[in-house]
Amino acid sequence: MSLLERDKKSIWHPFTPLKGSPEPLPLVRAEGVWLYTEDGRRILDAIASWWVNLHGHSHPYIAEAIARQARTLEHVIFAGFTHEPAVQLAERLLQILPNGFSKVFYSDNGSTAVEVALKMAMQYWHNQGVQHKKKIVALDGAYHGDTFGAMSVGERSPFNAPFDDYLFDVEFLDFPACYQPFCCGGKKDKPQRCGQVAATLQRFEALAQTGEVAAFIYEPLVQGASGMRMYSPEILDQLLHIAQKHDIICIADEVMTGFGRTGRLFASEYCLHKPDIICLSKGLTGGTMALGVTACTERIIEPFRQEDIMKTFFHGHSFTANPLACAAANASLDLLLRPECMSRISAIAQAHLDFEARIRDHRRVRDVRCMGTIFALEIETEQQTHYFNEARHHLYNYFLDKGVLLRPLGNVVYVLPPYVITGEELQMAYAVIEEMLNEPEKTSDTTHNNAPGQQ
């Protein structure tokens with residue numbers, strides 16, 4: 001049997017209907033920003049393979065670090081043992097994270113990093129005998145992962161509808177859909193945005209004043225899976241101010257925004273107020289290995305630092321702090337912190353701004369926005385902007401047929417490339433988007449085979 005036949009017989013792919021979906025493309029290798037298929041095609045990975053790849057595929061520096069570590073120590077139980085790659089990575093992360101973080105807790109991925117953060121926040125109050133702080137507040141449209149705690153603090157949607165009865169209650173604030181504080185930013189379609197922001201802040205203040213809110217979890221500045229929705233640092237700062245004024249634990253989910261995606265190493269750097277807990281994954285290892293991190297401040301640690309064994313944080317994973325993954329993360333940090341990488345991030349950000357200016361007034365453009373290396377375009381259709389906008393049925397295959405991997409979120413097309421992408425390669429991604437915009441309008445609304453699902 002061919003690779004595709006074997007796959008179809010034995011594998012269940014993520015976010016993919018078992019009937020009616022296009023067949024997966026068999027890959028044989030990848031290098032830089034390019035994916036190479038079994039039948040000889042070359043595809044530009046313009047979304048960094050679900051936003052994880054920072055330095056290009058099969059990067060020799062990271063590959064060598066993994067190989068070297070595999071010959072020394074591949075894995076060991078992390079309860080009762082430690083090792084150099086994990087200690088070194090924790091030390092380095094604490095040096096570059098926004099000020100105030102004291103310890104790192106390792107897990108396996110973004111969802112588990114969020115689960116750890118939520119459990120830390122809940123047990124923080126439990127360990128102190130505080131019974132009235134049990135509510136969690138999140139932003140509408142949030143996506144924090146697919147495990148049960150992460151689903152609970154994410155938007156209720158068809159993706160988690162089968163599990164609604166099992167999710168814990170969360171207070172959701174309306175998304176503060178404005179690019180500047182109390183200003184519509186000149187956008188052409190939402191004059192009511194300023195009022196929405198004020199209402200969001202007022203509702204959070206009212207919830208906070210009850211004294212019942214334990215934690216506030218948020219994706220700083222950019223909500224990824226809900227369509228790369230962006231909001232200003234000033235607005236987030238006001239939300240964090242309300243939370244901290246009322247002794248509410250702040251959890252920043254930087255799984256997507258971390259490691260340079262917004263133009264700075266972490267989106268939290270844009271704000272004056274910093275979180276108590278931060279969640280990291282995706283770009284942590286440069287996209288090569290599964291690894292999650294939850295870092296917290298000394299404030300969070302203190303109620304756990306007691307002789308009473310029942311105050312212990314009883315959480316762990318079989319592959320916690322896997323040495324291979326930690327070695328990959330250390331190698332990725334080496335590359336990320338080099339001046340040339342930061343220059344590439346700036347160059348991508350500027351290219352996005354130039355492209356935004358070029359297409360902003362196109363009749364097919366409903367909205368366009370960018371922050372750092374993240375570019376997002378809402379295509380004008382007869383339907384509202386939403387993940388289930390029918391435009392997604394066609395666009396994924398449209399771009400793929402032209403040799404570019406772009407995975408639209410409904411009618412939102414985004415570009416979020418590896419940092420090694422050249423200016424010429426980035427223009428290739430822009431060119432297929434412009435070509436799509438200039439085709440007859442029926443193109444974006446024609447229903448073809450379903451594209452793969454969430455994110």
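Atoms considered below: every heavy atom in the structure, side chains included; atoms not considered: hydrogens, waters and symmetry mates.
- Across every non-hydrogen atom of A150 and D146, the tightest pair is CB-N, 4.1 Å.
- Listed by chain and number, the residues in a salt bridge (charged side-chain N to carboxylate O under 4.0 Å, His left out) with R6 amount to none (sequence neighbours excluded).
- By the 30° and 60° cut-offs, the orientation of the rings of F355 relative to Y430 is parallel.
- A donor-acceptor contact closer than 3.5 angstrom is absent between the side chains of S107 and E115.
- Counting only distance, with no hydrogens or angles, the side chain of N53 and the backbone of P418 share no donor-acceptor pair below 3.5 Å.
- Residues Q69 and T72 bring no donor and acceptor atom of their side chains to less than 3.5 Å of each other.
- Here the closest heavy-atom approach between residue D7 and residue P24 is recorded as OD1-CG, 3.6 Å.
- The minimum heavy-atom distance between L395 and P408, with the atom names listed, is CB-CG, 3.6 Å.
- Formation of a donor-acceptor pair under 3.5 Å by the T373 side chain with backbone atoms of R261 is found in this model.
- Every residue meeting the salt bridge (charged side-chain N to carboxylate O under 4.0 Å, His left out) condition with E434, not counting sequence neighbours, appears here in chain and number order: R358.
- Residues D45 and S49 have side chains that bring a donor and an acceptor to within less than 3.5 angstrom of each other.
- Considering F172, F216, F168 as possible partners of I136, the one that fulfils the side-chain contact (heavy atoms from CB on, under 4.5 Å) test is F168.
- When each of V413, L353, V368 is tested with F375 by the rule side-chain contact (heavy atoms from CB on, under 4.5 Å), just one qualifies, namely V368.
- I251 and A117 get closest at one heavy-atom pair: CG2-CB, 3.7 Å.
- Within 6.0 Å of CZ in F319 there are 12 or fewer heavy atoms belonging to other residues, nucleotides or ligands.
- If you take CD1 on I433 and CG on N438, they are separated by 12.0 Å, rounding to the nearest 0.5 Å.
- The side-chain heavy atoms of Y36 and L27, taken from C-beta on, include no pair separated by under 4.5 Å.
- Of all heavy-atom pairs between D174 and L139, the closest is O-CD2, 4.5 Å.
- With ring centers used as reference points, H55 lies 6.0 Å or more from H57.
- Residues R363 and E380 are not paired through a salt bridge, judged by the lack of any N-O separation under 4.0 Å between the basic side chain and the carboxylate.
- Side-chain contact of Q88 with N330: a donor-acceptor pair under 3.5 Å is present, judged by distance alone.
- Nearest heavy atom pair, residue G224 against residue E219, reads N-OE2, 3.5 Å.
- Note: F15 and W50 meet the aromatic proximity criterion, with ring centroids under 6.0 Å apart.
- For D253 and Y218, the side-chain atoms include no donor-acceptor pair closer than 3.5 Å.
- Scored by the side chain to side chain contact (heavy atoms under 4.5 Å, CB included) test, D140 finds E155, R229 as partners (sequence neighbours excluded).
- Between the side chains of R366 and T385, at least one donor N or O lies within less than 3.5 Å of an accepting N or O.
- A donor-acceptor pair under 3.5 Å is absent between the side-chain atoms of T147 and the main chain of G149, judged by distance alone.
- Two rings, from H83 and F78, have their centers less than 6.0 Å apart.
- A salt bridge links R369 with E378; the closest basic N to acidic carboxylate O contact falls under 4.0 Å.
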Would R92 and D334 count as a salt bridge (charged side-chain N to carboxylate O under 4.0 Å, His left out) if you check the C-alpha gap in whole Å, the side-chain angles of each, and the deciding distance to 0.1 Å?
-> CA-CA 10 Å; R92 297 179 73 188; D334 289 344; 2.8 Å; yes

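- Between F313 and F105, the angle of the ring planes goes over 60°, which puts this pair in the perpendicular group of the 30/60° scheme.
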Check step by step if salt bridge (charged side-chain N to carboxylate O under 4.0 Å, His left out) holds for R344 and E340.
-> CA-CA 6 Å; R344 285 302 309 149; E340 55 265 37; over 6 Å; no

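- If you take OG on S111 and OH on Y143, they are separated by 5.5 Å, rounding to the nearest 0.5 Å.
- In the displayed structure, Q427 atom CD is contacted under 6.0 Å by more than 12 heavy atoms of other residues, nucleotides or ligands.
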